[in-house]
Number of protein chains: 2
Amino acid sequence: MCASPPECAGQILETVPLVMLAIRTEMRSHRGSDLSVPQFRVLVYLNRYKGASLSDIAEHMGLTLPSMSKMIDGLVARRLVTRRMAPGDRRRVTLAPTALGKTAMQSAYKATESRLAERLAALPESERRIIFKAMQVLESIFVSGREAKTAIGK
Amino acid sequence: MCASPPECAGQILETVPLVMLAIRTEMRSHRGSDLSVPQFRVLVYLNRYKGASLSDIAEHMGLTLPSMSKMIDGLVARRLVTRRMAPGDRRRVTLAPTALGKTAMQSAYKATESRLAERLAALPESERRIIFKAMQVLESIFVSGREAKTAIGK
DNA sequence: TATTGTTATACTCTATAACTATA
DNA sequence: TATAGTTATAGAGTATAACAATA
C-alpha cells in the first residue's frame with residue numbers, strides 16, 4: 001500500500017481522462033450556454049485577469065498563438081468576448097468577456113458544478129476532503145503561466 | 001476547512017483540466033509513438049478487453065458510434081488496430097490492437113508515466129498517498145460502461 | 001422492427017509555416 | 001531585429017442525420 005511516483009502517475013493517467021470526460025459532457029450538454037471546456041476556461045481566465053492579451057491567455061491554456069487566436073475568433077463571433085487594440089502598444093490585443101460571456105460562463109459553471117456535486121454527494125465527507133486536498137496539491141504542481149507568477153507575488 | 005460537494009466540484013473543475021493538459025502534452029510530444037490521449041485510451045481498452053466491439057469501446061469512451069468509428073479508421077490506417085467481422089453476428093466488429101499498437105501503447109504509457117512521476121516525486125509521500133486515494137475514489141464514481149459491470153462481477 | 005456499424009457533413013481544437021504590423 | 005498577432009493549411013476529435021446490412 002505504497003504510493004511511489006510511478007504508481008501515483010499511473011493512477012492519475014487512468015482516472016483524470018475519466019473525470020475530464022464527465023466534465024466535458026456536462027458542460028456541453030448544458031443547453032442555454034453550450035460551451036466547450038476550453039471556451040469555458042478562456043472566459044474564466046479573462047474574467048479573472050482583466051486586460052489580458054492573446055499571449056497571456058495562450059500561455060495559460062498551454063496553446064500556440066494561432067490556436068488561441070482562432071478560439072478567440074469563435075468567442076468574438078458569438079459575442080462572448082471583446083477584442084480591442086491595447087493602448088500603448090498597437091501590436092497587442094486586449095481581451096475581455098462581454099456581459100453575455102460572463103453570464104454564459106457563470107451558467108455553465110453552476111450547471112457543471114452541480115452535476116459533479118451530485119456525484120460527490122454520494123461520498124462520505126472524509127473522502128471528499130481527500131479529493132479536495134489532492135486537487136489542491138495537483139494544482140500546485142501542474143499550474144503554469146500567469147497564476148504561477150501571481151502566486152509567487154502573493 | 002470543509003469540503004462540501006459544490007466546493008469539491010469547483011476544485012475539481014479548476015484542477016482536472018490543468019492535469020489533463022499536462023497529460024496530453026506529454027503524450028503528444030513523445031516522438032516514436034505519437035498518440036493522442038483518446039487513441040491511447042482506446043488501445044489500453046482493447047488490450048484489456050479482447051474481442052471488444054465498436055459499441056463496447058464507444059460506451060467506454062463516452063463517444064457516439066460515428067465518432068468512434070472514425071477514430072478506429074485512423075488507428076486501422078496506422079496499423080495499430082485490426083478490425084474484423086465478428087463470428088456469429090455479422091453486424092458486429094471485433095477490434096484488437098496489433099503488435100505495433102501494443103508497443104506504441106506501452107511506449108506512450110511509460111513515457112507519460114515517467115514525466116508525471118517526475119513532478120510527483122517533488123511531493124512528500126503523504127501527499128502522494130492522498131492523491132492516489134483520491135484518484136481511486138474518483139474513478140469509482142466516474143467510471144462507466146464495461147468496467148463498471150466487470151467490477152460488479154468481481 | 002431493432003441493432004450494429006458506416007457515410008456524409010459540419011464545427012471545434014490543435015499544430016506548423018508563412019505572413020503583417022508594430023516596436 | 002524582435003515581438004504580437006493573424007492567415008493559410010491540415011489533421012484529430014466530436015456531433016447529428018441519413019443510410020446499409022444483419023438479426
Side-chain angles (χ1 to χ4, degrees), chain A residues 17 20-31 33-43 51-78 80-95 104 108, chain B residues 17 20-31 33-43 51-78 80-95 104 108:
Chain A
M20 193 64 198
L21 167 66
I23 292 175
R24 181 179 352 115
T25 304
E26 306 296 9
M27 191 103 49
R28 293 265 345 245
S29 73
H30 173 50
R31 293 301 153 193
S33 67
D34 170 36
L35 295 175
S36 70
V37 174
Q39 288 171 332
F40 171 75
R41 295 222 301 140
V42 166
L43 288 171
S53 70
L54 192 69
S55 297
D56 291 336
I57 178 68
E59 184 185 5
H60 167 69
M61 299 283 292
L63 300 181
T64 59
L65 278 174
S67 297
M68 203 61 238
S69 184
K70 207 176 156 194
M71 251 194 73
I72 295 294
D73 284 349
L75 290 168
V76 168
R78 284 177 63 183
L80 300 174
V81 163
T82 59
R83 173 169 43 186
R84 304 182 341 260
M85 209 179 61
D89 186 342
R90 301 202 306 201
R91 290 171 307 181
R92 294 183 133 252
V93 128
T94 298
L95 301 166
Chain B
M20 193 65 198
L21 167 66
I23 292 175
R24 181 178 352 112
T25 304
E26 306 296 10
M27 190 104 48
R28 293 265 345 248
S29 74
H30 173 49
R31 293 302 152 192
S33 65
D34 170 35
L35 294 176
S36 70
V37 174
Q39 288 172 331
F40 171 74
R41 294 221 302 139
V42 166
L43 288 171
S53 71
L54 192 68
S55 297
D56 292 337
I57 178 68
E59 183 185 4
H60 167 70
M61 298 284 291
L63 300 181
T64 61
L65 279 173
S67 297
M68 203 61 237
S69 185
K70 207 176 152 193
M71 251 194 74
I72 295 293
D73 284 349
L75 290 168
V76 169
R78 283 177 63 182
L80 300 174
V81 164
T82 60
R83 175 169 42 188
R84 301 180 345 258
M85 208 179 61
D89 186 342
R90 298 202 307 200
R91 291 170 308 180
R92 295 183 129 253
V93 127
T94 298
L95 302 166

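Order of the sequence lines fixes the chain letters, A, B, ..., with proteins taken first and strands second; residue numbering starts at 1 for each chain.
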Does B/Ser67 get its side chain close enough to the base of D/dA15, under 3.5 Å, for a donor-acceptor pair? yes
How many angstroms lie between CD1 in A/Ile72 and OG1 in A/Thr82, if you round to the nearest 0.5 Å? 9.5 Å
Interatomic distance, A/Asp34 CG vs D/dT14 P [rounded to whole Å]: 15 Å
To the nearest angstrom, how far is A/Asp73 atom CG from C/dC11 atom C1'? 14 Å
Hey, is the main chain of A/Ser36 close enough, under 3.5 Å, to the side chain of A/Gln39 for a donor-acceptor pair? yes
Take the protein atom CG of A/Leu63 and the nucleotide atom P of D/dT6, then report the distance between them rounded to whole Å. 14 Å
Nearest-angstrom distance from the residue atom CE of B/Met68 to P of D/dT16: 16 Å
Look at all strands and tell whether A/Arg24 reaches a base, only sugar-phosphate, or nothing, counting heavy atoms closer than 4.0 Å. sugar-phosphate
Taking C-beta and beyond as the side chain, do B/Leu95 and B/Ser53 meet within less than 4.5 Å on heavy atoms? no
Between the protein and nucleotides 10-12 of chain D, list every N/O to N/O distance that falls short of 3.5 Å.
{"from": "D/dA10", "atom 1": "N6", "to": "A/Lys70", "atom 2": "NZ", "distance (Å)": "3.2"}

Within the structure, does a side-chain N or O atom of B/Ser55 lie under 4.0 Å from either OP1 or OP2 of C/dT3? no
Integer-rounded Å distance: D/dG5 C1' and A/Leu95 CG: 11 Å
Could you state the interatomic distance from CZ (A/Phe40) to CG (A/Asp34), rounded to the nearest 0.5 Å? 13.5 Å
Respond yes when some side-chain nitrogen or oxygen of A/Thr64 is under 4.0 Å from OP1 or OP2 of C/dA15, and no when none is. yes
In whole Å, I'd like the distance from the CZ atom of A/Arg83 to the P atom of D/dA4. 17 Å
Using atom types as modelled and distance alone, determine if a side-chain donor or acceptor of B/Thr25 lies under 3.5 Å from a backbone N or O of B/Leu21. yes
Measuring from B/Leu54:CG to B/Thr94:OG1, what's the distance to the nearest 0.5 Å? 11.0 Å
Taking only residues two or more places apart in sequence or in another chain, which ones pass side-chain contact (heavy atoms from CB on, under 4.5 Å) with A/Leu63? A/Met61, A/Ser67, A/Met68, A/Met71
When you check every protein heavy atom under 4.0 Å of nucleotides 17-23 of chain D, what one-letter string (B, S, -) results, 5' to 3'? B---BBS
Determine the contact category for A/Met71: base if any of its heavy atoms lies under 4.0 Å from a base atom, sugar-phosphate if only primed atoms, P, OP1 or OP2 are that close, otherwise nothing. sugar-phosphate
